[in-house]
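Convention: sequence-line order gives letters A, B, ...; per-chain numbering from 1. Since we're looking at a predicted model, the values are computed, not measured.
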Amino acid sequence: MATKSSKEIDAFAQAPLTALMPSVGSLETLKNLKSFIFARYEKIDSYRQTAISRNERVSEQTQAELDMLLEVLEFLKMSPSKEAR
Amino acid sequence: MSGRERKLSDVLKRGYSDEELRHIYELGRFFLESGKVARAEKVFAGVTAVAPDHLPSWLGLANISILKNNLEAARGYAETARRVDKTSLPAALYLVTIMFALNELTSVGSLLGEVGDSIEGKSDVDPNLYRFYKMQLARFQGAITQ
C-alpha cells in the first residue's frame, strides 16, 4: 500500500483519532466568507434578542449556532460586541 | 417531485450551503488539532445544529467526548455518525475505539469484521484509516487471546 507524505503520518502519530476525521474544507476560503458569516450572525442574534424580549426560551439549536458563529467571527478577527454574547 | 427540488433541499441547510459548512467544520478541526478543544466543540456543535447529517462534525464531537473520557456521549455521537452513513469507516473505527474502552469486545470484533471486509485487499484505502484499523485489529487479537 502506498503511503502519503510524512506530514500526514506525523499527524496520525500525534492524534490518530483526529487523523481519521476528513479534511474537507479550507481556512483560507473561510476567510472569504466574512460577509456571509457576519450577516448570518446578525440575523440569528436578532432572533435571539427578539425571543429574550418576549420572555421566550432561546432554543439550544439557536444558541449552538450563535456560539459557532462567534468562534468563526473571532477567528476572522471580527468579534461583535460583547453585549451580544 | 422533481430532482431539482430535492437537490436544493439537500444543499440548503438552514441557510448554509454544503461548501460553507465544510469550511466552518475545517475551523473546528483546526481548533482540535491546536488543542483548543472547547472552541472546536462549539464549532462542531453548531454545525450539527444546522446540519444534523454532517458526519465529520459528529466525529469531531465523538473525538472531544473521548478526550474528556465521556464514553457514553462519545458512543452516542459515533452512533449518530453511523446513522448518517452506515458505510462510514471512520465512524465504525470511532465506535471500535469507544467499545474497546467500554470492554464490549463482541461489538469490537463485529465492527472490525465489517471494516476489514470493506478495506482488505483494496489499494485505494486512506493510509491513516488502514493503519488505525490494523492497530485496533492487533489490539483486539491480543485482548481475546489473553
Checking [X] against chain A: side chain, backbone, both or neither under 4.5 Å from a heavy atom?
X        : answer
B:Leu129 : both
B:Phe132 : both
B:Ile66  : side chain

Heavy-atom pair with the smallest gap, counting every atom of B:Tyr133 and B:Leu93
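Residues B:Tyr133 and B:Leu93, closest heavy atoms: CA-CD2, 4.1 Å.
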
Assert top hit (heavy-atom pairs under 4.5 Å, partner chain A, pool B:Glu26, B:Glu41, B:Glu20) equals B:Glu26

Interface check, chain A: of B:Arg39, B:Glu33, B:Arg22, B:Met135, most non-hydrogen pairs under 4.5 Å belong to B:Arg39

Portion of A:Leu17 that has a non-hydrogen atom of chain B nearer than 4.5 angstrom
both

Report yes if the side chains of B:His54 and B:Phe44 come closer than 4.5 Å at any heavy-atom pair, otherwise no.
no

Can a salt bridge be assigned to the pair B:Lys86 and B:Glu79 using a cut-off of 4.0 Å between side-chain N and carboxylate O?
no

Just by distance, no angles: are the side chains of B:Ser107 and B:Ser110 close enough, under 3.5 Å, to form a donor-acceptor pair?
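No, no side-chain donor-acceptor contact under 3.5 Å.
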
Quick check on A:Tyr47: does its OH atom have over 12 non-hydrogen neighbours (other residues, nucleotides or ligands) under 6.0 Å away?
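Atom OH in A:Tyr47 is not packed in, count stays at 12 or less.
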
Between A:Lys43 and A:Glu65, is the salt bridge (Lys or Arg N to Asp or Glu O under 4.0 Å) condition met? List the steps.
CA-CA 11 Å; A:Lys43 182 177 178 182; A:Glu65 183 177 358; over 6 Å; no

Among A:Ala64, A:Pro16, A:Ser23, single out the residue with the greatest number of heavy-atom pairs under 4.5 Å to chain B.
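Among the listed options, the one with the most contacts to chain B is A:Ser23.
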
Who among A:Ile37, A:Leu69, A:Asp67, A:Leu27 has the most heavy-atom pairs with chain B under 4.5 Å?
A:Leu27

